[in-house]
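What follows is a single structure, written as structure tokens, with notes after it.
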Amino acid sequence: MSLPTPTPGARAVVTGASSGIGAALAEGLAQRGYSLILVARREDRLRELAGRLTTRHGVEAEIRAVDLSDRDARAKLCDELAAREIVVLCNNAGFATYGELAAANPDRERQQVELNSVAVHDLTLATLPGMMRRAAGAILITGSTAGNQPGPNNATYAASKAFANALAESLHGELAGTGVECTLLAPGPVRTEYAEAAEVPNLDRLVPGPLWVSAEKVAAEAIAGMAAGRRRVIPGVFAKVQTVGGQYTPRALVGPILRIVYRKVK
Ligand SMILES: NC(=O)c1ccc[n+]([C@@H]2O[C@H](COP(=O)([O-])OP(=O)(O)OC[C@H]3O[C@@H](n4cnc5c(N)ncnc54)[C@H](OP(=O)(O)O)[C@@H]3O)[C@@H](O)[C@H]2O)c1
């Protein structure tokens, strides 16, 4: 299996392209010759990235400043994408919250579910039929090692990423032999604006330096994984250990351990 050949009319869509893993995915896809549709809320960042990608790689880069947790704004984008030739979809935008659910801001928790789960589903539903008609396409879903097991004090994020992980791996199986691929990207700690967005500045100190991987490494492995038609990409040794630990440690043990760990995240 390989990625569809880039053509002038075709587009690769990257959500969460204004920073971190999404910006690196956009760079990697532009390097492979894909023209892009870059999605996030911060228009200035998208504009700057689009200009850079066009200059460096000679591709077209359109920007869509959309709050993907807003159902109406998202529906408009989905309608547009359903009508266009989308050959790659990187469902990557997301954020986390930490702390007790009972004390959380309900609106922010709902936004998290909308962005991390419902938007991923909606964008996939919008673009998959066109890919199937053309018998060519690749979908990447950025889940997380956090979605492999219960996450006390990180409950909404763990649940939303469990959805993303399961959707990606289920679709991978369903799409076998169709010419369309779906790959799960399930990272552990990646140095991005994630901790800042989650408002947990001490995450950096809790996770030792060598366990972090760069957004560039994650994106390079994700794109190589898509090109190879892989079911799942888990970048870095620590994320692989987290994955085995999360999936095979009895839940009666892993839940209380993570409760202690996540209580320290502030
Ligand atoms: N970093 C990690 O340790 C880690 C580990 C596992 C999984 N992940 C996952 O990786 C993905 C990318 O995160 P990152 O680490 O690259 O973090 P990041 O640097 O904070 O990037 C998050 C991206 O999502 C966009 N975004 C946030 N809310 C949005 C909204 N309502 N509508 C549209 N776009 C929105 C942000 O752009 P705007 O603010 O401009 O909208 C930004 O481009 C996320 O799904 C995250 O859960 C990260």
Side-chain angles (χ1 to χ4, degrees), residues 13-28 37-50 63-78 90-98 107-120 122-123 140-148 151 154 156-165 167-168 184-201 203-204 206-207 209 211-219 221-222 232-236 238-240 242-243 246 265:
V13 177
V14 180
T15 72
S18 63
S19 74
I21 299 168
L25 284 169
E27 176 83 45
I37 300 177
L38 307 171
V39 185
R41 291 166 303 178
R42 287 171 291 181
E43 191 168 356
D44 51 339
R45 293 264 197 118
L46 295 179
R47 197 171 300 289
E48 199 259 327
L49 176 64
I63 63 171
R64 297 290 179 273
V66 176
D67 181 345
L68 290 172
S69 68
D70 179 311
R71 289 193 169 201
D72 294 338
R74 196 169 71 222
K76 223 172 118 195
L77 178 68
C78 285
C90 297
N91 265 313
N92 168 77
F95 76 92
T97 55
Y98 291 84
D107 286 339
R108 196 154 161 73
E109 298 302 296
R110 278 188 210 102
Q111 279 167 9
Q112 200 178 167
V113 176
E114 285 290 329
L115 181 66
N116 296 2
S117 302
V118 189
V120 170
D122 281 354
L123 288 164
L140 182 78
I141 295 180
T142 308
S144 172
T145 53
N148 294 330
N154 185 225
T156 302
Y157 186 66
S160 68
K161 289 300 184 180
F163 178 90
N165 289 2
L167 178 68
L184 166 65
L185 171 61
V190 188
R191 277 212 191 282
T192 63
E193 295 174 21
Y194 170 92
E196 200 182 314
E199 297 169 5
V200 286
L203 196 61
D204 256 19
L206 281 176
V207 182
L211 302 185
W212 292 83
V213 295
S214 72
E216 290 69 27
K217 176 182 163 63
V218 170
E221 289 193 21
R232 187 169 74 166
V233 173
I234 303 170
F238 183 56
K240 289 183 178 67
Q242 280 183 302
T243 301
V265 179

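Order of listing sets the numbers, starting from 1, for every ligand and every atom in it. Excluded from the calculations below are hydrogen atoms, water molecules and symmetry mates; all remaining heavy atoms, backbone and side chain alike, are included. Residue numbers run from 1 in the order of the sequence given.
Distances from ligand 1 to the non-hydrogen atoms of Ala164 include no value under 4.0 Å. Look at Glu114 and you'll find every heavy atom at least 4.0 Å from all atoms of ligand 1. Heavy-atom distances between Ala24 and ligand 1 stay at or above 4.0 Å for every pair.
Protein heavy atom nearest atom 6 (C) of ligand 1, with residue, atom name and distance: Pro187 O, 3.3 Å. The shortest contact between atom 17 (O) of ligand 1 and any protein heavy atom is with Thr192 OG1, 3.3 Å. Scanning the protein heavy atoms around atom 3 (O) of ligand 1, the nearest turns out to be Val190 N, 2.9 Å. When hydrogens are left out, the protein atom nearest atom 25 (C) of ligand 1 is Gly16 CA, 3.7 Å; that is the closest non-hydrogen contact. Among protein heavy atoms, the minimum distance from atom 26 (N) of ligand 1 is reached at Ala93 CB, 4.1 Å. Scanning the protein heavy atoms around atom 48 (C) of ligand 1, the nearest turns out to be Tyr194 CD1, 3.8 Å. Ranking protein heavy atoms by distance to atom 5 (C) of ligand 1, first place goes to Gly188 O, 2.9 Å.
If you take CG on Leu68 and OG1 on Thr15, they are separated by 6.0 Å, rounding to the nearest 0.5 Å.
For ligand 1, the atoms sitting less than 4.0 Å from at least one non-hydrogen atom of Thr142 are 9 (C), 10 (O), 11 (C), numbered in the order shown with element in parentheses. Each of the atoms 30 (C), 31 (N), 32 (N) of ligand 1 lies under 4.0 Å from some heavy atom of Asp67. Taking every heavy atom of Ile21 and a limit of under 4.0 angstrom, the matching atoms of ligand 1 come to 10 (O), 15 (O), 16 (O). Close approach to Ser18 involves these atoms of ligand 1, each under 4.0 Å from a residue heavy atom: 36 (C), 37 (O), 38 (P), 40 (O), 42 (C), 43 (O). Interface atoms of ligand 1 facing Val66, defined by a heavy-atom separation under 4.0 Å, are 32 (N), 33 (C).
You'll find the side chain of Thr192 stays beyond 4.5 Å of the side chain of Val218, heavy atoms only. Taking 4.5 Å as the limit, every side-chain heavy atom of Leu77 sits out of range of all side-chain heavy atoms of Asp122. The side-chain heavy atoms of Phe163 and Val113, taken from C-beta on, include no pair separated by under 4.5 Å. Residues Gln242 and Pro189 meet the side-chain proximity criterion, which asks for heavy atoms closer than 4.5 Å.
The nearest non-hydrogen atom to atom 47 (O) of ligand 1, considering only Phe95, Trp212, Tyr157, comes from Tyr157. Residue Arg41 holds the heavy atom nearest to atom 41 (O) of ligand 1 of all those in Arg41, Arg64, Gln111, Gln112. Closest heavy-atom approach to atom 21 (O) of ligand 1 among the candidates Ser19, Gly94, Gly20: Ser19.
Residue-level proximity to ligand 1 for Leu115 is carried by the side chain, the only part with a heavy atom below 4.0 angstrom. With a heavy-atom cut-off of 4.0 Å, Ala17 touches ligand 1 through its backbone alone. Contacts between Asn92 and ligand 1, counted as non-hydrogen atom pairs separated by less than 4.0 Å, involve both the backbone and the side chain.
Within 6.0 Å of NZ on Lys240 lie more than 12 heavy atoms contributed by other residues, nucleotides or ligands.
Of the charged side-chain nitrogens involved, at least one lies within less than 4.0 Å of a carboxylate oxygen, so that Glu221 and Lys217 count as a salt-bridged pair. Under 4.0 Å is where a charged nitrogen must lie from a carboxylate oxygen, and between Arg47 and Asp44 no such pair does.
A side-chain N or O of Glu109 and one of Thr156 form a donor-acceptor pair less than 3.5 Å apart.
A perpendicular orientation is assigned to the rings of Tyr194 and Tyr98, their planes being inclined by more than 60° (bins at 30° and 60°).
Taking only nitrogen or oxygen atoms, main chain and side chain alike, Leu68 reaches within less than 3.5 Å of ligand 1.
Side-chain atoms of Asn154 come within 3.5 Å of backbone atoms of Thr97 as a donor-acceptor pair (strictly under, hydrogens ignored). Not one N or O on the side chain of Lys161 forms a donor-acceptor pair closer than 3.5 Å with the backbone of Asn148. No donor-acceptor pair closer than 3.5 Å links the side chain of Ser117 to the backbone N or O of Glu114.
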